[in-house]
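Throughout, protein chains are lettered first and strands after them, A, B, ... in sequence-line order, and every chain is numbered starting at 1.
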Protein chains: 2
Amino acid sequence: MSAATRLDPDLSQDILVVRPSKWTLVVVVQLRSGTMRFNELRRNMGGVPQKSLSQTLRELERDGFVTRTAYATIPPRVDYDLTALGRELLDLADQFHLFAQRNREAVVEARRQFDALDIRPA
Amino acid sequence: MSAATRLDPDLSQDILVVRPSKWTLVVVVQLRSGTMRFNELRRNMGGVPQKSLSQTLRELERDGFVTRTAYATIPPRVDYDLTALGRELLDLADQFHLFAQRNREAVVEARRQFDALDIRPA
DNA sequence: CAGTATCCCCAAAGATACTG
DNA sequence: CAGTATCTTTGGGGATACTG
């Protein structure tokens with residue numbers, strides 16, 4: 001592949017634009033199907049602390065991956081959406097996810113074997 | 001794309017097989033061109049602490065991404081290499097890197113704008 | 001050369017309580 | 001509903017010193 005030739009070795013520390021938090025890609029994946037509201041995301045993400053979600057969304061908004069639309073109604077309503085850039089990030093998240101699905105078993109097995117050999121009996 | 005249809009939403013928390021450390025992808029990228037020794041990696045990675053490199057390599061070995069070959073010579077010599085699985089991870093790292101290169105400017109600009117608006121004057 | 005052993009630090013993560 | 005504020009905890013990261 002030609003990817004190698006275009007990669008700057010000196011930038012190897014800068015492989016990521018942003019240092020994704022634990023929840024970053026999860027949010028991006030959640031927003032695949034379109035607009036979602038705060039608590040809707042929260043519910044679908046199984047036990048993410050409010051603060052973590054809030055921070056993650058703010059970061060994603062700040063970096064241009066997500067739009068935040070607030071309606072001045074009572075009760076308030078805030079919609080989150082992916083931007084075009086966010087959808088590119090989603091593509092990347094998908095590739096990671098597919099990689100994980102393809103190789104989870106292999107990794108788990110490698111880990112099991114390694115651990116079996118690595119034990120130094122007292 | 002058809003990726004969406006093959007993604008299990010319930011596994012959204014498991015997008016990554018492993019939680020990559022700060023140095024994981026850097027090591028993988030370094031090993032692109034083939035076998036490397038410990039201090040060789042260290043030198044090429046600009047200031048990575050020995051402990052961090054050691055931990056990162058052990059994790060990668062444990063998960064089956066890297067092979068470790070030790071020679072019982074004096075002085076000792078240890079070779080690190082990517083496995084086939086490791087090379088798949090390298091592909092992923094490349095895509096992340098290319099994404100970063102393509103979009104770094106856009107993200108930096110989005111961030112700049114967001115920060116300019118987010119300031120609440122005292 | 002290729003690590004391990006310690007110790008320290010800080011940022012991220014999370015639990016809980018409160019509010020416009 | 002959609003957050004913020006506060007506090008606590010965890011562990012990843014890093015510096016330094018030592019060793020087979």
Side-chain angles (χ1 to χ4, degrees), chain A residues 12-28 30-31 35-63 66-81 114 117-120 122, chain B residues 12-28 30-31 35-63 66-81 114 117-120 122:
Chain A
S12 51
Q13 180 58 71
D14 294 300
I15 290 173
L16 291 74
V17 205
V18 286
R19 200 129 179 50
S21 89
K22 181 175 179 180
W23 300 102
T24 304
L25 294 186
V26 181
V27 167
V28 170
Q30 286 295 329
L31 289 176
T35 301
M36 290 189 84
R37 300 174 61 176
F38 187 86
N39 280 334
E40 197 176 354
L41 279 166
R42 197 153 139 47
R43 275 190 302 274
N44 291 337
M45 285 170 62
V48 55
Q50 256 179 344
K51 184 185 136 196
S52 304
L53 180 54
S54 178
Q55 279 178 352
T56 302
L57 284 168
R58 176 171 291 257
E59 276 276 305
L60 283 169
E61 184 197 0
R62 184 167 108 99
D63 291 346
V66 156
T67 59
R68 178 184 184 276
T69 314
Y71 301 93
T73 56
I74 295 178
R77 172 207 181 103
V78 179
D79 285 349
Y80 290 96
D81 256 301
F114 183 91
L117 294 175
D118 196 43
I119 295 170
R120 322 163 218 275
Chain B
S12 51
Q13 179 59 71
D14 294 299
I15 290 174
L16 290 75
V17 205
V18 287
R19 201 131 176 49
S21 88
K22 180 176 179 180
W23 301 101
T24 304
L25 294 186
V26 181
V27 166
V28 170
Q30 286 295 329
L31 289 176
T35 301
M36 289 188 86
R37 301 174 62 177
F38 188 85
N39 280 333
E40 197 176 354
L41 279 166
R42 199 156 134 61
R43 276 190 301 274
N44 290 337
M45 286 171 60
V48 54
Q50 256 179 344
K51 183 186 138 195
S52 304
L53 181 54
S54 178
Q55 279 178 353
T56 302
L57 284 169
R58 176 170 291 257
E59 276 275 305
L60 283 168
E61 184 197 1
R62 185 167 108 99
D63 291 345
V66 155
T67 60
R68 177 184 184 276
T69 313
Y71 301 93
T73 57
I74 295 178
R77 171 205 181 106
V78 180
D79 285 350
Y80 290 96
D81 256 300
F114 183 90
L117 295 176
D118 196 43
I119 295 171
R120 321 162 220 273

Rounded to the nearest Å, what distance is computed from the [atom1] atom of residue [X] to the [atom2] atom of nucleotide [N]?
| X | N | atom1 | atom2 | result |
| --- | --- | --- | --- | --- |
| Leu53(A) | dC1(D) | CG | P | 14 Å |
| Leu57(B) | dG3(C) | CG | P | 7 Å |
| Phe38(B) | dG3(C) | CZ | C1' | 6 Å |
| Arg58(B) | dG13(D) | CZ | C1' | 18 Å |
| Met45(A) | dG3(D) | CE | C1' | 15 Å |
| Gln55(A) | dT6(D) | CD | P | 14 Å |
| Lys22(A) | dG12(D) | NZ | C1' | 14 Å |
| Arg68(A) | dC1(D) | CZ | C1' | 12 Å |

Would you say [N] has OP1 or OP2 under 4.0 Å from some side-chain N or O of [X]?
| X | N | result |
| --- | --- | --- |
| Tyr80(B) | dC1(C) | no |
| Arg19(A) | dA11(C) | no |
| Ser54(B) | dT4(C) | yes |
| Arg37(A) | dG3(D) | no |

In Å, rounded to the nearest 0.5 Å, how long is the span from [atom1] of [X] to [atom2] of [Y]?
| X | Y | atom1 | atom2 | value |
| --- | --- | --- | --- | --- |
| Asp79(A) | Tyr71(A) | CG | OH | 4.5 Å |
| Tyr80(B) | Glu61(B) | OH | CD | 7.0 Å |
| Glu40(B) | Leu31(B) | CD | CG | 9.5 Å |
| Leu25(A) | Lys22(A) | CG | NZ | 13.5 Å |
| Arg42(B) | Arg37(B) | CZ | CZ | 14.5 Å |
| Met36(A) | Met45(A) | CE | CE | 9.5 Å |

Subject >> Side-chain donor-acceptor contact under 3.5 Å, Thr35(A) with Asp81(A) >> reply: yes
Original post:
Paired with dG20(D): which nucleotide, if any, by Watson-Crick or G-U wobble criteria at under 3.5 Å for both distances?
Top reply: dC1(C)
Original post:
Could you write nucleotides 15-20 of chain D as a row of B, S and -, 5' to 3', where a protein heavy atom under 4.0 Å of any base atom gives B, of only sugar-phosphate atoms gives S, and otherwise -?
Top reply: B-B--B
**OP:** Describe the nucleic acid contact of Ser21(A) in one word from base, sugar-phosphate, nothing, applying a heavy-atom distance below 4.0 Å.
**Re:** sugar-phosphate
